[in-house]
Amino acid sequence: MLRFLIKTMRPRQWTKNLFLFAALVFDGKLFHLSDLLRTLAGFGAFCLISSAVYIFNDLLDVKADRQHPVKKERPIASGRLPISAALVAGTLLALAALAGAWLLAWQFALVLLVYFLLMIFYSLWLKHIPILDVLILAAGFVLRVHAGTLLIEVERFSPWLYVLMTLLALFLGFGKRRAELGLLVEDTADKSANGAFRRVLDGYTIPLLDQFITIVSGMTIVSYALYTFFRPETPGNYALMLTIPFVVYAIFRYLYLIQVKLVGGEPEEILLKDRPFQAAILFWGLAVLAVFYLA
């Protein structure tokens, strides 16, 4: 049962919570031990609350998942994880996350609670509304970034990063929908079958999503470029602009994967498996660290 519970908690999805470290890195405090430990603790709390969300999401969708050709194998839908055990585990994880967050900072606990409630409403209703579904997912990423600023005393954290995070999250969200719809269109010419997989896909078309992605990807690149120029951390030092090519390549690589290779339905899988994408992120990260901590 423990193995099935861990599978339902979706540990692979915890990579999304790495955005909590944005404040620590971009405020130049990565090597401040106390701030690093607080951010790590906050990361752990966010992992617990996000896992609780996944458990409750599977509980709310259990009937639909049992009719799905793939999701029917999920532990709760297949019956390998009893509903009662999943309910208790989800509740305990949420309470533990909120209690731990409160010990770190009450403001951080409040953000965690807002995130939890927002995701529950998403699972109940909002995920079925086109466009709004992706906006809510983007809000979850922005909340992660903001939560990181509440764990440490930020001094030079640029508001441009909130704009950038919003656009990047929209890019990933619309890309995810595009990949899902692309696979369904490839598998069947009957669009009415799309609802059997994800009801919200009935409100999208591939040309519409391609327009959204084109707009958001361009805005993301421009916003990052403007951040590297106007960032307050080191006025007059424009060395961070050298990292722009890595961002451009990563975005183009993601577009290639979702439109040509028809992958991207799970963005974290690209991060964990695609070597060129990983290389772009690695080199970008090393360049950022060099500019912030060595320049």
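Numbering of residues begins at 1 and proceeds along the displayed sequence.
No path of Ile, Leu, Val, Met, Phe, Trp and Tyr side chains, each step under 4.5 Å between heavy atoms, connects Y249 with M219, placing them in separate hydrophobic clusters. Cluster annotation: L95 and L104 are assigned to distinct hydrophobic clusters (Ile/Leu/Val/Met/Phe/Trp/Tyr, side-chain heavy-atom contacts under 4.5 Å, transitive).
By the salt bridge (charged side-chain N to carboxylate O under 4.0 Å, His left out) test, R144 pairs with no residue at all, sequence neighbours left out. Residues passing the side chain to side chain donor-acceptor pair (under 3.5 Å) test with W160: none are found, sequence neighbours excluded. For K273, the salt bridge (charged side-chain N to carboxylate O under 4.0 Å, His left out) partners two or more places apart in sequence, or in a different chain, are E269. Remark: S223 pairs with no residue by the side chain to side chain donor-acceptor pair (under 3.5 Å) rule, at least two apart or across chains. Here K16 pairs with nothing under the salt bridge (charged side-chain N to carboxylate O under 4.0 Å, His left out) rule; sequence neighbours left out. Under the side chain to side chain contact (heavy atoms under 4.5 Å, CB included) criterion, M1 pairs with L81, P82, A85, not counting sequence neighbours. With sequence neighbours left out, Y54 forms a ring-ring contact (aromatic ring centres under 6.0 Å, His included) with no residue at all. Annotation: side chain to side chain donor-acceptor pair (under 3.5 Å) contacts of T15 (sequence neighbours excluded): none. In this view, F4 satisfies the ring-ring contact (aromatic ring centres under 6.0 Å, His included) rule with no residue, not counting sequence neighbours. By the ring-ring contact (aromatic ring centres under 6.0 Å, His included) test, F43 pairs with F21, sequence neighbours left out.
Here F26 and F157 keep their ring centres 6.0 angstrom or further from each other. Checked against the 6.0 Å centroid criterion, the rings of F46 and Y115 qualify as a close aromatic pair.
Classified by interplanar angle (parallel below 30°, tilted 30° to 60°, perpendicular above 60°), the ring pair F174/F212 is tilted.
A donor atom on one side chain and an acceptor atom on the other are not found under 3.5 Å apart for Y254 and S217.
When side chains are defined from C-beta on, R177 counts as touching L137, because their heavy atoms get closer than 4.5 Å. The side-chain heavy atoms of I49 and L93, taken from C-beta on, include no pair separated by under 4.5 Å. Counting heavy atoms from C-beta on, the side chains of L151 and L20 come closer than 4.5 Å. With a 4.5 Å cut-off on side-chain heavy atoms, F283 and T243 do not count as touching. Residues L240 and F292 form a side-chain contact, since some pair of their non-hydrogen atoms from C-beta on lies under 4.5 Å apart.
A salt bridge is defined here as a Lys NZ or Arg NE, NH1 or NH2 lying under 4.0 Å from an Asp or Glu carboxylate O, and K127 with D133 fails to meet this definition. Contact check on K29 versus E153 returns no salt bridge, with no Lys/Arg side-chain nitrogen under 4.0 Å from an Asp/Glu carboxylate oxygen. Ion pair D58/R10 flagged as a salt bridge, since at least one NZ, NE, NH1 or NH2 atom sits closer than 4.0 Å to an Asp/Glu carboxylate oxygen.
More than 12 heavy-atom neighbours from other residues, nucleotides or ligands sit within 6.0 angstrom of CZ on R66.
For residues 110-123, no pair satisfies salt bridge (charged side-chain N to carboxylate O under 4.0 Å, His left out), with sequence neighbours left out. Each side-chain hydrogen bond (donor to acceptor under 3.5 Å, both in side chains) pair with one or both residues in residues 32-44, not counting sequence neighbours, would appear here, but there are none.
How far CG of L33 is from CG of L37: 4.5 Å, rounded to the nearest 0.5 Å.
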